There are 2 protein chains.
Amino acid sequence: MEKHTATKLFESLSSGIRLDIYRLLVKCGRDGMVAGQIAATLDLPPNNVSFHLKGMNHAGLVTVEQEGRFQRYRANLPQMLELIAYLTEECCAGHPEHCLVPPAESCCPEAARSPTPTSSPES
Amino acid sequence: MEKHTATKLFESLSSGIRLDIYRLLVKCGRDGMVAGQIAATLDLPPNNVSFHLKGMNHAGLVTVEQEGRFQRYRANLPQMLELIAYLTEECCAGHPEHCLVPPAESCCPEAARSPTPTSSPES
DNA sequence: TCAATAATACAAGAACTATTGAAATATAGT
DNA sequence: ACTATATTTCAATAGTTCTTGTATTATTGA
């Protein structure tokens with residue numbers, strides 16, 4: 001993932017309204033929601049919601065599909081998974097012993113496997 | 001996690017400079033880096049880096065520890081894991097068959113367990 | 001074609017964010 | 001105490017984003 005893509009995605013999630021919209025869409029799964037429904041559910045002006053949805057779509061955070069005169073929006077979950085991978089892809093690279101992630105959630109498989117103190121992967 | 005906390009964290013990652021800083025700190029693990037080192041590595045004015053680090057620290061994205069006249073910054077990975085959990089906590093809640101996440105990465109354990117009810121390509 | 005509805009586009013102003021340079025604070029070593 | 005270094009703070013400015021109201025586009029059904 002490119003840095004620009006990542007910053008746009010994060011920017012999309014940095015407003016309370018957009019975060020509410022995204023989480024609402026995550027809840028709806030593949031059903032998604034049409035724009036007016038989203039605006040009504042969150043009790044926001046439709047044009048404001050449309051403004052934010054446009055940005056979110058442009059960033060790649062949501063997808064949109066036309067249904068007659070409705071626009072159905074869905075969360076783009078695969079993109080989110082890529083984003084998370086991008087964020088942590090360099091986590092403790094080559095140095096699992098430096099990893100800051102609690103072992104229970106181990107970002108890096110090596111941290112769980114090897115008790116190696118400083119180096120020497122043997123295989 | 002509260003919405004305000006989440007938006008502040010996302011806002012922290014929505015600038016190229018702050019994303020660079022964060023990923024640099026993720027790479028360094030628990031060694032972290034002192035402010036001047038970060039500025040030098042990314043070839044940025046120290047006061048600008050300080051400005052961004054202050055915001056990142058305030059948002060809870062990084063931690064800081066004083067070392068004599070140096071300030072050592074570290075990525076706050078546990079906070080990031082909480083953020084990710086918050087984002088996806090409602091994912092396909094109660095409706096794993098609606099989950100948008102590819103099965104390989106299954107956000108929700110149920111999706112992996114239960115064979116898809118809507119269309120069943122059996123193993 | 002006409003009216004109604006869904007959604008987006010546009011424009012204006014307030015509010016916020018980022019960058020720069022200069023100044024201030026604090027620690028370490030002499 | 002004095003100087004050098006590390007970092008932060010402050011002020012000014014340029015640029016961007018958010019919200020509101022209004023207007024426009026597009027689809028549906030009579």
Side-chain angles (χ1 to χ4, degrees), chain A residues 3-25 28 31-76, chain B residues 3-25 28 31-76:
Chain A
K3 181 166 89 174
H4 184 255
T5 308
T7 55
K8 286 298 164 199
L9 287 168
F10 285 128
E11 191 188 316
S12 280
L13 292 163
S14 71
S15 111
I17 290 182
R18 290 191 297 264
L19 186 55
D20 283 342
I21 293 174
Y22 183 73
R23 282 169 37 97
L24 182 58
L25 291 177
C28 295
D31 289 346
M33 276 181 101
V34 302
Q37 239 184 327
I38 297 170
T41 303
L42 299 179
D43 194 27
L44 291 167
N47 60 347
N48 193 11
V49 169
S50 181
F51 168 82
H52 287 296
L53 282 170
K54 181 185 175 185
M56 294 167 79
N57 182 47
H58 191 247
L61 192 63
V62 302
T63 63
V64 63
E65 188 187 5
Q66 184 148 10
E67 274 182 15
R69 63 183 139 168
F70 300 90
Q71 302 286 319
R72 183 166 298 272
Y73 288 90
R74 294 184 180 86
N76 186 349
Chain B
K3 182 165 89 173
H4 183 255
T5 308
T7 54
K8 285 299 164 197
L9 287 168
F10 286 127
E11 191 188 317
S12 280
L13 292 163
S14 71
S15 111
I17 289 182
R18 288 191 298 263
L19 186 55
D20 283 343
I21 292 174
Y22 183 74
R23 283 170 34 98
L24 183 57
L25 290 177
C28 296
D31 289 347
M33 276 180 100
V34 302
Q37 238 183 327
I38 297 171
T41 303
L42 299 178
D43 195 25
L44 291 166
N47 61 346
N48 192 12
V49 169
S50 180
F51 168 81
H52 288 295
L53 281 170
K54 182 185 175 183
M56 295 166 79
N57 181 48
H58 191 247
L61 191 64
V62 301
T63 62
V64 61
E65 187 188 6
Q66 182 146 13
E67 274 182 13
R69 64 182 141 167
F70 301 89
Q71 302 286 320
R72 182 165 300 270
Y73 288 89
R74 293 183 179 87
N76 186 350

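Below, chain A is the first sequence line, B the second, and so on; all start at residue 1. Note that the coordinates shown come from a computational prediction; the quantities given were computed from them, not determined experimentally.
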(message) Walk me through whether B:Leu42 and B:Val49 qualify under side-chain contact (heavy atoms from CB on, under 4.5 Å).
(response) CA-CA 9 Å; B:Leu42 299 178; B:Val49 169; 5.7 Å; no

(request) Please evaluate the base of C:dT20 for a donor-acceptor partner in the side chain of B:Asn48 within a cut-off of under 3.5 Å? (result) no

(message) Please check: side-chain N/O of A:Arg72 versus main-chain N/O of A:Asp31, any donor-acceptor pairing under 3.5 Å?
(response) yes

(message) Could you measure the distance from the CG atom of B:Leu53 to the CD1 atom of B:Ile38? Nearest 0.5 Å is fine.
(response) 5.0 Å

(request) Whole angstrom is fine here: how far is it from CG in B:Leu44 over to P in C:dA18? (result) 13 Å

(request) With heavy atoms under 4.0 Å as the rule, sort B:Val34 into base, sugar-phosphate or nothing. (result) sugar-phosphate

(message) Expressed as a whole number of angstroms, how long is the span from B:Glu67:CD to C:dA28:C1'?
(response) 14 Å

(request) Please state whether the base of D:dT5 and the side chain of B:Arg69 form at least one donor-acceptor pair under 3.5 Å? (result) yes

(message) Using OP1 and OP2 only, check whether a side-chain N or O of B:Tyr73 sits under 4.0 Å from D:dA6.
(response) no

(message) Between C1' on D:dT13 and CZ on B:Phe51, what's the gap in Å once rounded to a whole number?
(response) 13 Å

(message) Holding to salt bridge (charged side-chain N to carboxylate O under 4.0 Å, His left out), I want the full list of residues that pass it with A:Lys3, two or more places apart in sequence or in another chain.
(response) B:Asp20

(request) To the nearest 0.5 angstrom, please state how far the CE atom of A:Met56 sits from the CD1 atom of A:Ile17. (result) 10.5 Å

(message) Let's see if you get this right: which residues in residues 53-65 of chain B place a heavy atom under 4.0 Å from DNA chain C?
(response) none

(message) Nearest whole Å is fine: how far is C:dG29 P from B:Phe70 CZ?
(response) 9 Å

(message) Side chain of B:Ala35, heavy atoms from C-beta onward: which of D:dC18, D:dT7, C:dA18 has the nearest atom to it?
(response) D:dT7

(message) As an exercise, state the distance from NE2 of A:His52 to CD1 of A:Ile21, rounded to the nearest 0.5 Å.
(response) 6.5 Å

(message) Measure CG/B:Asp43 against C1'/C:dT19 and give the value in whole Å, please.
(response) 15 Å

(request) Figure out the CG/P separation between B:Asn47 and C:dT25, and round it to whole Å. (result) 17 Å

(message) Are A:Arg18 and A:Ser14 packed together at the side-chain level, in the sense that at least one heavy-atom pair is separated by less than 4.5 angstrom?
(response) yes

(message) Under 4.0 Å, heavy atom to any atom of DNA chain D: which of residues 8-20 of chain B qualify?
(response) none

(request) Working to the nearest 0.5 Å, report the span between OH of A:Tyr22 and CG of A:Leu13. (result) 7.0 Å

(message) A side-chain contact here means heavy atoms from C-beta on lying under 4.5 Å apart; do A:Asn76 and A:Leu61 qualify?
(response) no

(message) Reading DNA chain D from 5' onward, which residue's closest nucleotide shows up sooner: A:Gly68 or A:His52?
(response) A:His52

(request) Take the protein atom CD of A:Gln37 and the nucleotide atom C1' of C:dT5, then report the distance between them rounded to whole Å. (result) 15 Å

(request) Between D:dT27, C:dA7, C:dT27, spot the one nearest the side chain of A:Gln66, thanks. (result) D:dT27

